[in-house]
Amino acid sequence: MTINKILVANRGEIALRVMRTAREMGIKTVAIFSEADRNALHVRYADEAVCVGPAPSSESYLRGDAIIEVCRRLGVDAIHPGYGFLSENANFARQVREAGLLFIGPSPESIEVMGSKLAAKAAVADYDIPMVPGTPSAITDRAEAKLISAKIGYPILIKASAGGGGKGMRVVESDADFDEQMDRAVSEAISSFGDGSVFIEKYVTSPRHVEIQVLGDQHGNIIHLFERECSVQRRHQKVVEEAPSAILTPEIREAMGQAAVGVARACNYYGAGTVEFIVDANLNFYFLEMNTRLQVEHPVTELITGVDLVEQMIYIAEGKPLTIKQEDLQIKGHAVEIRVYAEDPANNFLPDVGTLDTYVRPQGNGVRVDDGFEQGMAIPIYYDPMIAKLITYGDDRAAAIQKMIRAIDEYQISGVQTTLGFCRFVMNHDAFRSGQFDTGFVSKYFTADVLDTKPDAEETELAAVFAAYLLDKQAAKPSQTQTVGPARPKSQWRTKRLG
Ligand code: ADP
Ligand code: ADP
Ligand code: MG
């Protein structure tokens, strides 16, 4: 089946990212939005846009029924879910299928299996995939769980089977802490995921997070597109990512690629997916989980392989066989991504929403910015506080890092605190530059006082003058709508309220 019109069931940078590829392919795009996102860039970029409800996600971006109804009304062929929201919701994928629409992603069955970390481990058991020592099923008996933990050896990790986004995970240092951490893990699992099942994994010391991008079609072909390293994390969540990893040898890369393809095969995977591994200090790797969607950090893979992952996802959803063969792929150059969050690194990375008084993107050779904001816009409190992804590409790792430092210096944001200064600190740090770091980077090296929080007086004054100038310029424009996106005089853009 050929897709002529796609609805993107998401917002912000990822909605724009998907629509750009759709437009390149000559496919019409439909945006959905909440009342908080009326003026958002993804709404203005799409050919058509429909409001699906009030600001809270549960009343808008998560309303699968309303979204499918929009598809029916506007003659949409396929839904791209982006990441977060409904992207890993098997029931939604099933409803989309039942409504006669294509879901640009894997089958509901694959999503279901991989949505549970325990079910995922069980599914790959026959595929010779290395796994962290731990309990193979949910803990029901605490006394027994403590015995197992002692046998595995502390520290251990209690994890929510339904977990995601770094939530529902507790490190236990010793037997004495077990009960307290267990209680916390279970209550966090219930409140965040509505499922209190938790299990135990050995806590890998000096762990590095290395994941493999896979693509599978509906004819049983599965390939991998090498790795991304995402070891710089806060709260078990990624902030800096790169491809390739600074530490993998060609042999380990090949072995991890094979393992990832095995995991995908175990759940008859098609679409784009990511198999996450943890790598220890001796370069042993262990399967963590599979994310059955496009990943936030997918651009670094696109830059080193030259493959547009969204384009591939669309072809796969149409039922086309993969035209890329494993042996066609090779790594060219190096890419680094930083996530620019509206967060205050000096205050434990707490979200800091507000208005982007100054917002000037970096530009130039080797720089890609995927964002969903422009100057003067407010960052809504309802959603993920990510402002942008800044990605740089160079011939080698050192060149990509140098470009990143230059791009960070060019990036001008005022009105909210951001992770930019923190990311500059990472790029300049010897541990990062040498490649000798792990997921403990932030706790080991970062304190608020390393941030250059006080720019000198002259700089502050200049920034203020520049901001005032830009605001003046903006106020003088007749309509904001005309400032965004490529010129499309005949655009069919219109806004509708769902009735
Ligand atoms: P990635 O693995 O692509 O880096 P993240 O783990 O940062 O992705 O998550 C991507 C987005 O999806 C974030 O907005 C995060 O909050 C959300 N997310 C991830 N897993 C879940 C989940 N199980 N439930 C709800 N939201 C989730
Ligand atoms: P989520 O679904 O929240 O992304 P993951 O299982 O992918 O959960 O783990 C998220 C992060 O937590 C990993 O990137 C890693 O930093 C850390 N982590 C997970 N499992 C382990 C482990 N067994 N040992 C050490 N660190 C771990
Ligand atoms: Mg993960």
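Counting starts at 1 for both ligands and their atoms, in listed order.
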Just to be sure I'm reading this right: ignoring hydrogens, which of [options] gets closest to [atom]? Compare them by their nearest heavy atoms.
{"atom": "atom 6 (O) of ligand 2", "options": "Glu289, Lys159, Arg208", "value": "Lys159"}
{"atom": "atom 16 (O) of ligand 2", "options": "Glu276, Gln233, Lys238", "value": "Gln233"}
{"atom": "atom 24 (N) of ligand 2", "options": "Val204, Ile156, Asn291, Thr274", "value": "Val204"}
{"atom": "atom 3 (O) of ligand 2", "options": "Gly166, Pro207, Gly115, Gly134", "value": "Gly166"}
{"atom": "atom 9 (O) of ligand 2", "options": "Lys167, Glu201, His236, Met169", "value": "Met169"}

Sub-4.0 Å heavy-atom approach of Gln237 to ligand 2: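 No, that is not the case, since the closest heavy atom of the residue is not under 4.0 Å from the ligand.
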Angle, OE1 of Glu276 through the Mg ion (ligand 3) to OE2 of Glu289 - 10° precision: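 Value, to the nearest 10 degrees: 90°.
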Could you list which atoms of ligand 2 come closer than 4.0 Å to a heavy atom of [X]?
{"X": "Ile278", "result": "15 (C), 18 (N), 21 (C), 22 (C), 24 (N), 25 (C), 26 (N), 27 (C)"}
{"X": "Thr439", "result": "16 (O)"}
{"X": "His209", "result": "13 (C), 14 (O)"}
{"X": "Gly163", "result": "2 (O)"}
{"X": "Lys202", "result": "22 (C), 23 (N), 24 (N)"}

N-O pairing of Glu242 and Arg228 below 4.0 Å: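 Salt bridge between Glu242 and Arg228, a charged N being under 4.0 Å from a carboxylate O: no.
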Distance under 6.0 Å and angle within 45° of ring axis: Arg63 vs Phe92: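 Not flagged: Arg63 not positioned over aromatic ring of Phe92.
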Worked verdict on Glu289 versus Lys159 for salt bridge (charged side-chain N to carboxylate O under 4.0 Å, His left out): CA-CA 12 Å; Glu289 63 162 347; Lys159 268 189 181 181; over 6 Å; no
Ring centroid separation [X] to [Y] under 6.0 Å:
{"X": "Phe349", "Y": "Phe422", "result": "yes"}
{"X": "His429", "Y": "Tyr445", "result": "yes"}
{"X": "Phe446", "Y": "Phe425", "result": "yes"}
{"X": "Tyr383", "Y": "Tyr61", "result": "yes"}

Partner set under salt bridge (charged side-chain N to carboxylate O under 4.0 Å, His left out) for Lys146, not counting sequence neighbours: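 Partners of Lys146 under the salt bridge (charged side-chain N to carboxylate O under 4.0 Å, His left out) test: Asp179.
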